Amino acid sequence: MSKSRAEAAAGAPGIILRYLQEQNRPYSAQDVFGNLQKEHGLGKAAVVKALDQLAQQGKIKEKTYGKQKIYFADQDQFDTVSDADLHSLDANIVALTSKVQSLQQSCRLMEAELKELTSSLTTPEMQKEVQELRKECVQYTERLTNIKAATNHVTPEEKEKVYRDRQKYCKEWRKRKRMTTELCDAILEGYPKSKMQFFEEVGIETDEDHNVTLPDP
């Protein structure tokens with residue numbers, strides 16, 4: 001055992017006695033070890049030994065429940081509390097609980113406000129953003145002015161004519177493609193070579209050869 005661990009074990013009874021008196025509530029050896037180990041560096045064996053020693057000396061009380069032992073401060077050392085004092089303590093607890101809840105609510109509001117402020121743009125960032133938006137406004141204004149000043153606008157009649165012509169030509173495209181396909185299929189029924197070889201010999205180029213797709217109707 002190292003010197004620091006040995007010193008901690010030697011002082012364990014005093015530390016544990018003071019802890020149980022201050023808390024004035026029952027604890028198991030595991031509870032005491034878990035609550036004091038980090039702050040005081042007490043080992044589990046030292047805690048168990050100190051609790052047994054304090055119980056044997058009558059400085060604390062020990063109760064056994066099944067296989068587990070519970071330790072707590074000797075209640076005889078504490079003054080008897082009257083009913084009036086108990087009511088006063090209960091009222092104080094209620095008041096403090098209400099105060100804690102109010103403070104927690106205030107903390108939540110301040111945390112929400114802090115989060116909002118943290119996610120907001122700083123003044124320099126906002127100034128830069130305004131400058132960028134003003135530049136975009138100037139560009140859009142110039143573009144709109146040029147569009148309004150243009151003389152090559154398409155009239156609704158011209159637009160409608162373009163759509164009609166497109167439908168006409170696409171219809172003719174489908175018609176001719178269907179006729180060509182039917183004619184080729186008829187020839188290929190008696191052709192001794194493959195379809196690809198036939199197209200190469202005749203010089204037929206398909207839409208797929210030029211990555212062209214027939215528009216939807």
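All of these numbers come straight from a predicted model, not from anything done at the bench.
- The CD1 atom of I93 sits 13.5 Å away from the OG atom of S98 when rounded to the nearest 0.5 Å.
- Distance check, rounded to the nearest 0.5 Å: CZ of R18 to CD1 of I16 gives 10.5 Å.
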Inset, instruction - List the steps, then state whether salt bridge (Lys or Arg N to Asp or Glu O under 4.0 Å) holds for R176 with E172. - result: CA-CA 6 Å; R176 295 191 180 192; E172 188 66 23; 3.0 Å; yes

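- Annotation for E125 and L121: closest pair OE1-CA, 3.4 Å, computed over non-hydrogen atoms.
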Review item, side-chain donor-acceptor pairs of residues 50-64, under 3.5 Å, at least two apart:
{"residue": "D52", "atom": "OD1", "partner": "Y71", "partner atom": "OH", "Å": "3.1"}
{"residue": "Q57", "atom": "OE1", "partner": "K59", "partner atom": "NZ", "Å": "3.4"}

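- Side-chain atoms of E158 come within 3.5 Å of backbone atoms of T155 as a donor-acceptor pair (strictly under, hydrogens ignored).
- There is no side-chain donor-acceptor pair under 3.5 Å between Y27 and N35.
- Annotation: side-chain contact (heavy atoms from CB on, under 4.5 Å) contacts of L103 (sequence neighbours excluded): K99.
- Under a 3.5 Å cut-off, the side chain of D31 and the backbone N or O of S28 do form a donor-acceptor pair.
- In terms of heavy atoms, A73 sits closest to Q75 at O-NE2, 2.9 Å.
- Residues in residues 101-113 take part in these side chain to side chain donor-acceptor pair (under 3.5 Å) pairs, two or more places apart or across chains: Q105-R108.
- In the hydrophobic clustering of this structure, V48 does not group with L42; members are Ile, Leu, Val, Met, Phe, Trp, Tyr whose side-chain heavy atoms approach within less than 4.5 Å, directly or through other members.
- With values rounded to the nearest 0.5 angstrom, T145 atom OG1 is found 12.0 Å from R143 atom CZ.
- Atom CD of E116 has 12 or fewer neighbouring heavy atoms from other residues, nucleotides or ligands inside a 6.0 Å radius.
- In this structure a side-chain-to-backbone donor-acceptor pair under 3.5 Å is missing from N92 to S88.
- There is no side-chain donor-acceptor pair under 3.5 Å between Q21 and D74.
- If you take CG on L117 and NZ on K115, they are separated by 12.5 Å, rounding to the nearest 0.5 Å.
- The side-chain contact (heavy atoms from CB on, under 4.5 Å) test applied to M196 returns S194, E200, not counting sequence neighbours.
- A heavy-atom distance below 4.5 Å is not found between the side chains of F72 and N24.
- Here NZ of K168 is found 10.5 Å from CZ of R164. Values are rounded to the nearest 0.5 Å.
- Residues L183, I187, L188, Y191, F198, F199, I204 make up the rest of the hydrophobic cluster containing V202, defined by ILVMFWY side-chain heavy atoms closer than 4.5 Å, directly or through other members.
- Note on residues 158-183: no pairs pass ring-ring contact (aromatic ring centres under 6.0 Å, His included), not counting sequence neighbours.
- Separation of atoms CD (Q68) and CD (Q30) is listed at 9.5 Å; rounding is to 0.5 Å.
- Note on V47: it clusters hydrophobically with I15, by side-chain heavy-atom contacts below 4.5 Å among ILVMFWY residues.
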